[in-house]
Amino acid sequence: MDEPVLIRSAQHGDVDAFNTLVLAYQAQVFNVAMRIMGDRDAAADATQEAFISAYKSLRAFRGGSFKSWLLRTVTNACYDALRYSKRRPSTSLDSLGTTPNDAPGEGTTTGFDEFVASDDENPATAAERAELRRAIAKGVTLLPPDQRIVFVLSDVQGLNYEEVASAMQTSLGTVKSRLSRARAKLRDYLLTQTELLSGP
Amino acid sequence: MGGPGESRAALSCRELKSGCMFSLKSWLTARRVPADDDLISGYVDGRLSGAVRRAFEERISSEPDLGRKVEATRKLIGAAASLPLVQIPRNFILPASTRKPATPSVVWWRLGSAAASVVFVFCMMLSAVDLLAPRGAALAPALAPAPYNVAAPAATVAPAVTANPARSAIPLQVARPIATQPAKIPPPSGTAADETSAVAAAVPSAPPNATATVRTLGGGAAISPAPATSVSAASLASPVSATPPEVSSHQALSKTAGNSEAHALTQVPRASPAVVQGTVTAPLHTTASLAEHPMSQQTFPTPLFIAMAISLVLAIWSGIIGWLRR
């Protein structure tokens with residue numbers, strides 16, 4: 001895939017070229033939206049909105065990392081969705097679990113039901129890891145949006161500070177401070193909720 | 001705690017002090033924790049410089065609580081990085097009917113629309129200022145009694161007027177004189193040059209100090225329609241007549257006009273705020289309505305109207321094209 005050629009074609013209105021880019025990045029974009037939004041449907045909506053917005057404003061792309069540009073678009077879409085949901089709070093029927101363990105942020109709506117033990121992992125360790133991941137996923141949704149996005153981009157997606165700053169269009173110092181606050185809040189939350197982090 | 005003999009005031013003071021100490025301590029703690037969190041985050045990411053890192057490691061070894069936080073943060077980051085990818089629920093490809101990305105031409109059309117709108121608004125403001133300007137205020141200094149201070153000798157008046165040939169070529173309009181007597185301002189040609197020369201010819205007979213200035217703002221549009229204009233007879237009995245050695249400019253003008261009582265308001269086209277200077281020391285009062293004068297009709301300035309129309313059409317046109325091609 002020659003990314004620059006596809007980008008140039010998409011800039012001239014070639015939807016097929018843009019769809020090739022979509023297929024290449026949609027998993028990563030959706031996962032970012034998923035971690036930020038904490039809800040599969042909301043993440044899907046934000047992802048679709050991000051790709052539509054990216055296509056319409058593709059002329060504004062002046063080179064550089066297309067991935068960072070896409071991540072910036074999806075974080076903006078998530079920001080908008082979070083602001084909208086904050087103004088109009090609603091409860092999704094999907095989040096109303098049928099069992100006491102189906103709390104919001106767990107189960108199928110967060111997509112963590114894919115956690116299975118690997119072959120070289122005993123079931124107890126796998127269960128502990130799955131529990132920790134669930135706790136992290138729920139704790140992320142409790143963070144403020146700006147700290148949540150920094151944490152997702154940096155610690156979940158593995159972007160370095162500079163890439164996060166570029167994706168969020170903010171300074172490096174802001175990224176560092178937001179990330180340290182997000183980590184501290186999440187760490188304290190996990191320490192109070194579980195003993196997962198205090199183990200060996 | 002205080003004993004039974006301790007006064008209530010002393011207890012309150014101790015509580016207050018302890019409260020202050022607690023607040024200060026919590027403030028210090030609150031100020032220190034974010035710094036520790038920054039250090040922990042930077043240490044885990046390996047972004048602390050050598051000296052800071054060594055100092056922090058010494059603190060970790062001496063403060064078990066800080067060490068536990070560092071380990072917990074490491075675990076958290078590791079667990080977050082190992083979160084598996086969530087399977088996408090569907091493809092997010094765009095339908096073929098999706099609109100094209102915005103092209104630069106659309107941007108230019110929109111910019112053009114915005115610029116034309118700005119021009120239109122500017123012309124609107126200009127025309128509004130032009131229409132709403134207090135025209136009477138512009139004429140008021142000419143008609144008010146006070147401002148007619150003696151400014152220059154009459155002998156210097158005539159060259160000042162004749163120095164502008166374009167203006168002197170404009171025929172002077174004569175308003176309705178007082179006492180229903182038609183104005184008779186010789187010479188018959190009625191041009192400003194002739195008028196000026198007539199005034200200049202009459203003035204030398206006056207003493208050099210018998211000079212005043214009449215500023216006649218020209219143009220019907222510049223004259224407020226409210227006051228009627230004419231020269232009253234009372235104005236002729238002004239301080240000028242009380243000073244016999246001096247010759248008033250009214251008299252000089254009257255002599256040149258061949259009519260000792262008829263005084264006319266001379267007018268020049270609007271937008272020429274200048275100035276026919278005569279030799280008047282008395283105030284002028286007008287009785288004839290200037291609204292009757294054809295130049296006094298307020299007309300919409302044609303160039304502004306054309307500019308407004310063109311800019312409005314351009315704004316709408318480019319806006320529609322920019323909207324259609326988005």
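By convention in this document, chain letters (A, B, ...) are assigned in the order of the sequence lines, proteins followed by strands, and residues within each chain are numbered from 1. We use all heavy atoms of the structure for the numbers below, so side chains are in, but hydrogens, waters and symmetry mates are not.
Side chains of A:R181 and B:S41 form no contact here, defined as non-hydrogen atoms less than 4.5 Å apart. When side chains are defined from C-beta on, A:R40 counts as touching B:V86, because their heavy atoms get closer than 4.5 Å. Counting only heavy atoms from C-beta outward, the side chains of B:I88 and A:T47 never approach each other to under 4.5 Å. Within the 4.5 Å cutoff, the side chain of A:F151 has heavy atoms near those of the B:L76 side chain. With contacts defined as side-chain heavy-atom distances shorter than 4.5 Å, the pair A:M34/B:L83 does not qualify. Taking the side chain as every heavy atom from C-beta outward, B:L94 and A:Q48 approach each other to under 4.5 Å.
Rounding to the nearest 0.5 Å gives a distance of 7.5 Å between NZ of B:K75 and CG of A:L132. Taking CG of A:L21 as the start and CD1 of B:I93 as the end, the distance is 13.0 Å to the nearest 0.5 Å.
Under a 3.5 Å cut-off, the side chain of A:R133 and the backbone N or O of B:S82 do form a donor-acceptor pair.
Options A:V22, A:N19, A:N160 differ in how many heavy-atom pairs under 4.5 Å they form with chain B, and the most are formed by A:N19. Contact count against chain B (heavy-atom pairs under 4.5 Å) is highest for A:A44 among A:A27, A:A184, A:A44. The candidate from A:V152, A:I52, A:D155, A:D16 with the greatest count of non-hydrogen atom pairs under 4.5 Å with chain B is A:D155. Between chain A and the residues B:G78, B:A81, B:P89, the largest count of heavy-atom pairs under 4.5 Å involves B:P89.
When heavy atoms are compared at a cutoff of 4.5 Å, B:R90 approaches chain A by way of both its backbone and its side chain. For A:F51, the parts sitting under 4.5 Å from any heavy atom of chain B are the backbone and the side chain alike. A:Y161 touches chain B through backbone and side chain together, each having a heavy atom under 4.5 Å away. Only the backbone of B:A96 comes within contact range of chain A, judged by heavy atoms closer than 4.5 Å.
Checked options B:I77, B:I40, B:D37; the residue passing with A:R183 is B:I77 (criterion: side chain to side chain contact (heavy atoms under 4.5 Å, CB included)).
Nearest heavy atoms, A:N31 versus B:P84: OD1-O, 4.1 Å.
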